[in-house]
**Q** 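Input: one structure, supplied below.
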Amino acid sequence: MNLEMNFLKVFLSMSFSGALLILALLCCKRLFKDKISRQWQYYIWLVVILRLLLPFGPEINLMGKLYQSVDQIIIRAAPISEVQNALNAPGDVIAPAASFNSDTQNANSPMEKSTAEHPFQVIVTLLMNHMWLIWLAAALGMLIRKATIYQSFLRYISAGLTPVSDLGILDRLSAATEWAGVKKSVELCVNPLISSPMLIGFFHPCIVLPSAEIPAEDFQYIVLHELTHCKRLDIFYKWLVQITVCLHWFNPLVYLMEREITKACEFSCDEAVLAKIGCDNRQDYGKTLLDAMAAVGKYKESPGAVTLSENKQLLKERLGAIMNFKKKSKTIRLLTGALSLCVMLGAAFVGVYPAQAKEPDSPNSKAVKNEQGDLSQIEKYYSAGSLPLFAIAFSRLDENAQRTWLEKLYTANDPAFFSVAVSGLNTNSSPFTDFSEKAYEEGETAFFSILTDYMDESKLDSWLDRALKDEKWNFQSILFDKLRRGDDFDALKDKREKELEEAREAEYKAAGVTMDGKNYYYQGQLVNIFLDIRANKSFYTLNMNPAGSVHVKIIRDRDDKIADVAYMTEDEVSRLLEGMTDDDDWDDEDWP
């Protein structure tokens with residue numbers, strides 16, 4: 001399993017774990033909504049957020065068991081009779097030995113074996129391999145959009161922002177800041193364009209009021225509410241939620257969590273303010289909230305700011321909570337503690353997909369492998385021709401077993417299953433490296449081509465340097481193609497052919513045969529038929545010139561060196577001409 005797929009599995013398990021916790025907390029809210037502290041209902045979501053963001057968990061957890069069960073279902077329950085035809089492995093195609101014209105030279109070389117995939121399988125494979133890019137692009141797009149909206153909102157606020165300079169108001173702000181326990185300096189400004197008091201600024205907090213003309217009692221409640229947001233770092237909390245939503249944009253339950261946290265933020269802040277000012281002042285505080293809500297609607301606040309009033313739909317519920325506020329009993333506090341422990345233990349129990357369990361040498365992988373009997377399963381899938389199930393079973397084998405199967409597929413000349421097997425290997429692993437060497441040394445271009453499909457550019461460059469040094473032209477062709485440098489190979493091929501032509505002319509001249517364009521001369525006589533068959537019969541030169549008067553053949557030794565030049569007998573000429581007449585695909589095996 002490659003790194004990207006492992007990452008996706010871990011991340012999806014984090015999202016699924018978080019979804020289970022969200023559902024559990026929503027159920028808890030229905031059961032204990034008015035009994036448990038609103039602040040607990042606000043901060044308990046941090047456990048869920050940590051579960052969604054941190055890829056850590058105990059070694060044994062629900063997600064690990066779930067993924068193992070899914071893999072077992074795929075291995076055991078999938079019908080073996082579903083023989084896959086996704087990959088075809090054609091045999092070697094040998095080029096014809098010769099085709100005749102005035103001057104022909106051919107070299108027989110095995111064509112590369114390739115595996116052809118069904119277009120739908122190619123599309124699905126590409127999507128799976130690049131799923132993480134789709135996720136990342138969407139997450140970054142959402143995050144950039146939210147940040148842009150927040151920046152636009154801040155520019156809107158800053159455009160009409162006026163600092164409060166009234167010393168009396170600033171004194172009341174200073175007193176409220178000290179009473180709320182806020183250590184940092186907080187600015188106070190006015191902007192008539194906003195609809196509700198709000199707090200903005202990450203590191204330099206600023207309370208923004210719609211107007212400075214606010215009664216002293218309302219001012220105290222409003223400022224205390226916003227200072228409570230500041231003390232609790234609610235702006236940072238909100239942006240942590242926004243980042244979580246962006247990362248888990250595909251999970252619908254995350255959006256429910258965002259809405260619940262937004263509501264809980266204001267409820268918990270109201271509760272904290274009432275705990276500070278006392279239950280006797282709850283009616284006055286509720287009236288301040290009503291007055292603030294009367295102006296809502298002028299501008300849609302950014303998700304990055306915290307306001308006194310989020311929307312009018314929550315007004316009735318918030319007022320009801322304010323009127324019914326009372327300090328929680330000791331029993332309720334104990335229940336809250338027990339619930340907190342349950343949620344944290346639940347988050348740990350749900351856990352995430354244990355990526356380490358997929359490593360070949362890990363104890364968990366060995367245990368799963370022994371339980372499922374992969375060595376017997378993989379033989380069954382191979383016999384049935386099921387490529388997908390073979391790939392799953394192969395990924396569960398340890399390195400020694402994988403090496404054994406690779407050797408078996410290589411010896412059996414089965415590039416289709418060999419390709420499926422190596423696709424799951426690390427390119428730096430010993431089996432991958434060893435079989436690359438083996439295919440190269442033994443001249444197996446088909447298997448070497450398969451292996452290069454999974455090499456990165458640096459490895460391909462290294463192999464190309466070696467093939468150039470060894471003058472292995474078939475391998476050079478493969479590597480130039482994989483590096484998308486076909487033009488370079490064509491130029492190199494033209495240069496080589498020119499050098500071979502020059503060397504051939506020099507060799508013939510040393511043996512007494514000279515060339516003038518397409519004309520061959522031997523001992524000053526123009527040659528009618530000129531024939532040169534290489535020692536291994538894989539390459540020959542045949543030239544026919546009706547104006548010539550003699551028939552000449554080149555005789556080579558076992559080392560392919562010219563041993564002699566001789567005149568062809570009439571019998572040899574007859575056999576050659578008969579072969580050309582009877583069969584256009586002349587077989588050079590008729591010649592000694």
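Here the structure is a predicted model, which means the values were calculated and not measured.
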**Q** Taking C-beta and beyond as the side chain, do T288 and H225 meet within less than 4.5 Å on heavy atoms?
**A** no
**Q** So which atom in V182 and which in C230 form the shortest heavy-atom distance, rounded to 0.1 Å?
**A** CG1-SG, 4.2 Å
**Q** Report the distance from atom NZ of K29 to atom NZ of K263, rounding to the nearest 0.5 Å.
**A** 3.5 Å
**Q** Between F432 and N426, is any pair of side-chain heavy atoms under 4.5 Å apart?
**A**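 With C-beta onward as the side chain, the pair stays apart.
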**Q** Measuring from T244:OG1 to L53:CG, what's the distance to the nearest 0.5 Å?
**A**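 Result: 4.0 Å between the selected atoms.
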**Q** Does the side chain of P192 reach to within under 4.5 Å of the side chain of P210, using non-hydrogen atoms?
**A**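 Side-chain contact under 4.5 Å: no.
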**Q** Measuring from atom CG of L170 to atom CD of E187, what distance do you get when rounded to the nearest 0.5 angstrom?
**A** 10.5 Å
**Q** Going by the angle between their ring planes, with limits at 30° and 60°, are F390 and F394 parallel, tilted or perpendicular?
**A** parallel
**Q** Which heavy atom in L209 sits nearest to a heavy atom in I194, and how many Å separate them?
**A** C-CD1, 3.8 Å
**Q** Take atom NZ in K184; do more than 12 heavy atoms of anything else shown fall under 6.0 Å from it?
**A**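 Count over threshold, so yes.
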**Q** Within the structure provided, determine whether V47 and I44 are in side-chain contact (heavy-atom separation under 4.5 Å).
**A**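 The answer is yes; the side chains approach within 4.5 Å.
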**Q** Are the side chain of W249 and the backbone of W135 linked by a donor-acceptor contact shorter than 3.5 Å?
**A** yes
**Q** Backbone N or O of I392 within a donor-acceptor pair of the S395 side chain at under 3.5 Å?
**A**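 Flag set: sc S395 to bb I392 pair under 3.5 Å.
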**Q** Identify the heavy atoms of L21 and G346 that sit nearest to each other, and give their distance.
**A** CD2-C, 4.1 Å
**Q** Could I get the full list of side chain to side chain contact (heavy atoms under 4.5 Å, CB included) partners for P55, not counting sequence neighbours?
**A**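 Applying side chain to side chain contact (heavy atoms under 4.5 Å, CB included) to P55 gives V10, M14.
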**Q** Is the gap between the ring centers of W132 and F11 under 6.0 Å?
**A** no
**Q** Please identify each residue that fulfils side chain to side chain donor-acceptor pair (under 3.5 Å) with S268, with sequence neighbours left out.
**A**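 If we apply the side chain to side chain donor-acceptor pair (under 3.5 Å) test to S268, skipping adjacent residues, the hits are R232.
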**Q** Side chains of L247 and L52: does their closest heavy-atom pair fall under 4.5 Å?
**A** no
**Q** Looking at E271 and R38, would you say the former's side chain and the latter's main chain have a donor-acceptor pair under 3.5 Å?
**A** yes
**Q** Verify side-chain hydrogen bond (donor to acceptor under 3.5 Å, both in side chains) between K459 and N428, making sure each step is shown before the conclusion.
**A** CA-CA 10 Å; K459 283 186 178 295; N428 293 320; 3.3 Å; yes
**Q** With rounding to the nearest 0.5 angstrom, report the OG to CG distance, S17 to L12.
**A**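 Rounded to the nearest 0.5 Å, the OG-CG separation comes to 10.5 Å.
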**Q** Sequence neighbours excluded, which residues qualify as side chain to side chain donor-acceptor pair (under 3.5 Å) partners of E217?
**A** Y221
**Q** For the residue pair L227 and I207, establish whether any side-chain heavy-atom pair is separated by less than 4.5 Å.
**A** yes
**Q** For L26, what residues pass the side chain to side chain contact (heavy atoms under 4.5 Å, CB included) criterion, not counting sequence neighbours?
**A**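 Once residues adjacent in sequence are excluded, the partners of L26 under the side chain to side chain contact (heavy atoms under 4.5 Å, CB included) criterion are I22, W45, L256, E260.
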**Q** Looking at every non-hydrogen atom in both residues, tell me the closest pair between I235 and F202 and how far apart they are.
**A**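 Reported closest heavy-atom pair: CG2-CE2, 3.5 Å.
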**Q** With S174, which residues qualify under side chain to side chain donor-acceptor pair (under 3.5 Å), at least two apart?
**A**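 For S174 there are no side chain to side chain donor-acceptor pair (under 3.5 Å) partners, ignoring immediate neighbours.
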**Q** So does Q242 get a backbone contact from the side chain of K146, meaning a donor-acceptor N/O pair under 3.5 Å?
**A**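 Absent.
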**Q** Looking at NZ of K231 and CG of L224, how far apart are the two atoms once the value is rounded to the nearest 0.5 Å?
**A** 10.0 Å
**Q** Are the side chain of H229 and the backbone N or O of L199 linked by a donor-acceptor pair below 3.5 Å?
**A**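 Flag not set: sc H229 to bb L199 has no pair under 3.5 Å.
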**Q** Work out which heavy atom in P163 is nearest to a heavy atom in C189; give both atom names and the distance.
**A**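 In this case the closest contact between P163 and C189 is CA-SG, 3.8 Å.
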**Q** Would you mind reporting whether L46 and L240 have side-chain heavy atoms less than 4.5 Å apart?
**A**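 A side-chain contact under 4.5 Å exists here.
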**Q** Not counting sequence neighbours, which residues clear side chain to side chain donor-acceptor pair (under 3.5 Å) with T148? List them please.
**A** none
**Q** For residues F219 and L173, report the shortest heavy-atom separation together with the two atoms involved.
**A**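 So the minimum-distance heavy-atom pair works out to CE2-N, 4.0 Å.
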**Q** Going from OH on Y285 to CG on D218, what distance comes out if it is rounded to the nearest 0.5 angstrom?
**A** 11.5 Å
**Q** Verify the ring-centre separation between Y42 and Y237: is it less than 6.0 angstrom?
**A**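 Judged by ring-centre distance (under 6.0 Å), Y237 and Y42 do meet the cut-off.
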**Q** So N191 and Y156, side-chain hydrogen bond (donor to acceptor under 3.5 Å, both in side chains) or not? Walk me through it.
**A** CA-CA 10 Å; N191 187 335; Y156 172 86; over 6 Å; no
**Q** Do I277 and W179 pass the side chain to side chain contact (heavy atoms under 4.5 Å, CB included) test, and can you show the C-alpha distance, the side-chain angles, and the key distance before you say yes or no?
**A** CA-CA 10 Å; I277 64 177; W179 188 30; 3.6 Å; yes
**Q** Indicate yes or no: at least one non-hydrogen side-chain atom of I49 is less than 4.5 angstrom from one of I261.
**A**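 Result yes, sub-4.5 Å side-chain heavy-atom pair found.
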